[in-house]
J.: 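First, the structure itself, so that you have it in front of you.
By convention in this document, chain letters (A, B, ...) are assigned in the order of the sequence lines, proteins followed by strands, and residues within each chain are numbered from 1. Scope of the values below: all heavy atoms of this structure, side chains included, with no hydrogens, waters or symmetry mates.
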Protein chains: 4
Amino acid sequence: MAVSSRERVRAAAVKLFATKGFHGTGIRDLAQEAELSSASLYHYMGTKEDLLAEIMRTALNRLLAAAREATAGGGEPVQRLRTLVALHVLAHAAGPEETRVVDNEVDVLSPAAREPVVALRDTYERLWAAAIDDGVAAGVFRVEHPAVTRLALLEMCSGVARWYSPRGPLALDELAEHYAELASRALGCTSAPGVADLRRCREIVAKEWGVSV
Amino acid sequence: MAVSSRERVRAAAVKLFATKGFHGTGIRDLAQEAELSSASLYHYMGTKEDLLAEIMRTALNRLLAAAREATAGGGEPVQRLRTLVALHVLAHAAGPEETRVVDNEVDVLSPAAREPVVALRDTYERLWAAAIDDGVAAGVFRVEHPAVTRLALLEMCSGVARWYSPRGPLALDELAEHYAELASRALGCTSAPGVADLRRCREIVAKEWGVSV
Amino acid sequence: MAVSSRERVRAAAVKLFATKGFHGTGIRDLAQEAELSSASLYHYMGTKEDLLAEIMRTALNRLLAAAREATAGGGEPVQRLRTLVALHVLAHAAGPEETRVVDNEVDVLSPAAREPVVALRDTYERLWAAAIDDGVAAGVFRVEHPAVTRLALLEMCSGVARWYSPRGPLALDELAEHYAELASRALGCTSAPGVADLRRCREIVAKEWGVSV
Amino acid sequence: MAVSSRERVRAAAVKLFATKGFHGTGIRDLAQEAELSSASLYHYMGTKEDLLAEIMRTALNRLLAAAREATAGGGEPVQRLRTLVALHVLAHAAGPEETRVVDNEVDVLSPAAREPVVALRDTYERLWAAAIDDGVAAGVFRVEHPAVTRLALLEMCSGVARWYSPRGPLALDELAEHYAELASRALGCTSAPGVADLRRCREIVAKEWGVSV
DNA sequence: CATGAATGAGTATTCATTCAT
DNA sequence: GATGAATGAATACTCATTCAT
């Protein structure tokens, strides 16, 4: 089952933008990685910036869709937040390169290209904000600065993409559970640990990211 | 009291490397920001990479020195960890640009230049590891994966440099206290909140970073 | 009656070479204008230069044939010259794009491709030279430097292609008459004005250029 | 007396833009002609388009200044027009390359760069229009379509830059006189021939264009 | 007849760096 | 100290053209 050139270009860009940065990645690097001439690259992309923006939008759409699907039924805030954390961690561990690109290279986009990316990220973060706010309102979270705490937890979870290796001692399941627990504790939550629908999160990530988790 | 050209070059590099990235910053950008000709720049620096490496080493040495000074007397693990967290947050909020450079641009260094930087960072992280391990050993921290947790907390705290603005609603003191609390909770610590030597942390940061905190 | 692809390519080339120049027109511009893929273009042309050369030869052949037909019976020099002027002006106003290509892009041709184009132009200009020389010999033209004057008049008449618009105040007939008069006067001719066979000139141009004049 | 690099770049551009066209001239061609590396070129110019626009503005300013100086005192319309023609011809014969650039490459400029160029050209042409209109009003010119005639004469005179060679049989003086005569006749003027201040025109051209005429 | 894919050579422009003054 | 001049190598991107399908 051959991989199309188009897919090879995208994969090359994700890999190189993640490891060397957008400005550190030359068009020639992309071409070499995609096993194409640098001129041929332009059959499959617009400008280098277009390619970056498209990767970001795709990645964020994927994450947003996954998060919405995983928290579809609403449910109580604690489980919703844990689900969001687990999903975020699974996604960042399953697709660390594309999430690093999203996290690190937003500023290189021109305003026009950045706008929809930031909008997607904001929409996604509002899912977290809602879960936290609901939990605080319900009295199950006890935290002084919910907005700051949201940022702190997001940074904590996104960091996974910077260091996690599947060859390390922790399985993905354990990692997700652990982070859900760290987040719950940080939010002052005392209820029993665990992520109720961890299996479903894994299925969603497996489906959306096309990898076995 | 005039600012020396050498200092202007360094300040320009910190600012631009932080906002545009190393590869996104040209020698001419640096020259313009430092109000020097691009040729004159080379009186004050070696190569562009030398400049980056020097900034990183300086920043990490500063952070390490500050952390050592703040936790000098040893003390009990909970307070040590809280002190480390508070200091880290204060430093990242007080010098967000230089810490972002350290956090984001390590990979652009050549192996030879990267080695001492990574060594410094490892040394610094060992202070955190020791505090956490001591706390676990003492039974005041209850956490399943201490090493992973250390990484999670470090990422959470470093993230401050990515979003904190002094014009926001939180004062630095509150921010540091809040993060210390989040970290303590995540570590399963139930003792009374607070950072015993927060004032001293602020003094150290003020001294090392040359800013009023 | 559908326009063939071949004709669309030629028309696109004439339009774009005239407005953007040969070097300013890309193969992709041609393809877009002709509503064909750039690869398909090559079913209807050789190289880009071949296309240009063919356009020039066709245009010059047309102009030459028209001039020969219009001045067929010989006739007296004044009327011959006036006929040539009127025809030249009508042709340049009726097909400004193709004549601009001929006038402006000769130098981009390789020597091999340029040779027949220059030969055609020279043959055409000899018709003018003969009319002028005959008029001078007959004493109806009084001009000091006939060769220079020929060039001056040709440039004057060709310039029509650079500015004439059918939406302007002058009808083609008047324009042709006016230029014939200007040329006659410049040649020191005092005979009565007018172009005897203007109607025939218009018919020739209408036939050769395929437009209603 | 060394020629500065800056001047060499300009001279190279004038020569090459005139002979090969703007789009037909590569930055490498310019560099070779100017005996500089292509990178060094950029010490002396902005973009290639900037260079073109600057050449055009300079050339038109020169022509306009010369025309204003030559026709300063006003004077009667016939002599004014003859002076304008003679000056135009001298200028186009003395600096054929720069005038060809002005005449042929206006359309490659972006709107922003074209605007001042067109404005200068319009201002210059108004000097011709005024002379012609004054002559018509005074009854010394008898011509039906003064505006069209102005364009015809301008094209005729500008054409000189396309074919005149100082190695040809005509001296510049004779050429200028001849064109003044052609123009006068075309305008239906019967007064005695000649250009009253031809010597002054030559001095002005010699001064402005820096060549001996 | 038509075209998507492909590319080597080319485009204008910028790069970090050196050096004579 | 400071910099204008200079450049080889690199940048992102486009060129005209070919060919398998």
Side-chain angles (χ1 to χ4, degrees), chain A residues 4-6 8-9 13 22-31 34-52 108, chain B residues 4-6 8-9 13 22-31 34-52, chain C residues 4-6 8-9 13 22-31 34-52, chain D residues 4-6 8-9 22-31 34-52:
Chain A
S4 79
S5 292
R6 183 161 248 108
R8 284 214 313 281
V9 170
F22 178 77
H23 285 306
T25 302
I27 234 60
R28 286 160 166 84
D29 300 324
L30 283 174
E35 295 182 288
L36 240 36
S37 76
S38 62
S40 298
L41 234 46
Y42 286 87
H43 275 285
Y44 305 106
M45 49 178 270
T47 65
K48 207 177 79 159
E49 194 196 1
D50 290 340
L51 180 57
L52 173 64
V108 325
Chain B
S4 79
S5 291
R6 181 162 250 107
R8 284 216 313 282
V9 170
F22 177 78
H23 286 304
T25 301
I27 276 297
R28 282 162 169 80
D29 299 323
L30 286 174
E35 296 182 287
L36 242 40
S37 77
S38 60
S40 298
L41 235 46
Y42 285 87
H43 280 283
Y44 306 105
M45 48 178 269
T47 66
K48 204 175 84 158
E49 195 195 0
D50 292 341
L51 179 58
L52 173 64
Chain C
S4 79
S5 291
R6 180 162 250 105
R8 284 216 313 281
V9 170
F22 177 78
H23 286 305
T25 301
I27 275 299
R28 282 161 169 82
D29 298 324
L30 286 173
E35 295 182 288
L36 242 38
S37 76
S38 60
S40 298
L41 234 47
Y42 285 87
H43 282 282
Y44 305 106
M45 50 176 269
T47 66
K48 204 175 82 158
E49 195 196 1
D50 291 341
L51 179 58
L52 172 65
Chain D
S4 80
S5 292
R6 183 163 248 108
R8 284 213 315 281
V9 170
F22 177 78
H23 286 306
T25 301
I27 233 63
R28 285 160 168 82
D29 300 324
L30 283 174
E35 294 182 286
L36 242 37
S37 76
S38 61
S40 298
L41 236 45
Y42 285 87
H43 275 285
Y44 305 106
M45 48 178 270
T47 66
K48 205 176 78 156
E49 195 197 0
D50 292 340
L51 179 58
L52 173 64

J.: For B/Asp29, which residues count as a salt bridge (charged side-chain N to carboxylate O under 4.0 Å, His left out) partner, sequence neighbours excluded?
T.: B/Lys20

J.: Calculate, to the nearest 0.5 Å, the distance between atoms NE2 and CZ belonging to C/His43 and C/Arg6 respectively.
T.: 10.5 Å

J.: Take the protein atom CE of B/Met45 and the nucleotide atom C1' of F/dG1, then report the distance between them rounded to whole Å.
T.: 16 Å

J.: Tabulate protein N/O versus nucleotide N/O from nucleotides 2-4 of chain E, keeping only pairs under 3.5 Å, one per line.
T.:
residue	atom	partner	partner atom	Å
E/dA2	OP2	C/Tyr44	OH	2.2
E/dA2	N7	C/His43	NE2	2.5
E/dT3	OP2	C/Ser40	OG	2.8

J.: Please round to the nearest 0.5 Å and tell me the distance separating atom CG of D/Leu51 and atom NZ of D/Lys48.
T.: 9.5 Å

J.: Could you tell me the separation between the CG atom of C/Leu52 and the C1' atom of F/dA16, rounded to a whole number of Å?
T.: 15 Å

J.: When the distance from CD1 of C/Ile27 to C1' of F/dT14 is rounded to whole Å, what number comes out?
T.: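 Those two atoms, CD1 and C1', are 13 Å apart.
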
J.: I need the NZ-C1' distance between B/Lys48 and F/dA10, as an integer number of Å.
T.: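 That distance rounds to 13 Å.
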
J.: What about A/Arg28, does its side chain sit under 3.5 Å from the base of F/dA10 through a donor-acceptor pair?
T.: no

J.: With rounding to the nearest 0.5 Å, note down the distance linking CD1 in B/Ile27 to CE in B/Met45.
T.: 4.0 Å

J.: Which residue, C/Ser38 or B/Asp29, contacts DNA chain E at a nucleotide closer to its 5' end, judged by nearest heavy atom?
T.: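 Closest to the 5' end, via its nearest nucleotide, is C/Ser38.
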
J.: Which heavy atom in C/Ser37 sits nearest to a heavy atom in C/Ala31, and how many Å separate them?
T.: C-CB, 3.8 Å

J.: Return whichever of B/Tyr42 or C/Thr25 has its heavy-atom-nearest nucleotide of DNA chain F closer to the 5' end.
T.: B/Tyr42

J.: Using atom CZ of D/Arg6 as one end and atom C1' of F/dG4 as the other, report the distance to the nearest whole Å.
T.: 11 Å

J.: Taking atom P of E/dA12 as reference, at what distance in whole Å does atom NE2 of D/His23 sit?
T.: 10 Å

J.: Rounded to the nearest 0.5 Å, what separates atom CG in A/Leu30 from atom CZ in A/Arg8?
T.: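 The CZ atom of A/Arg8 is 12.5 Å from CG of A/Leu30, to the nearest 0.5 Å.
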
J.: Rounded to whole angstrom units, what separation is found between the CG atom of B/Leu51 and the P atom of E/dT17?
T.: 10 Å

J.: Measuring from atom OG of D/Ser5 to atom CG of D/Leu36, what distance do you get when rounded to the nearest 0.5 angstrom?
T.: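 Reported value, rounded in 0.5 Å steps: 5.0 Å.
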
J.: Drop me the distance from B/Arg28's CZ to B/Leu41's CG, to the nearest 0.5 angstrom.
T.: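 Here the interatomic distance stands at 11.0 Å.
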
J.: Take the protein atom CG of B/Leu30 and the nucleotide atom P of E/dT14, then report the distance between them rounded to whole Å.
T.: 17 Å

J.: Which range-with-range stems can be found for DNA chain F when each stem has 3 or more Watson-Crick or G-U pairs in a row and both distances sit under 3.5 Å?
T.: E:2-21 with F:2-21

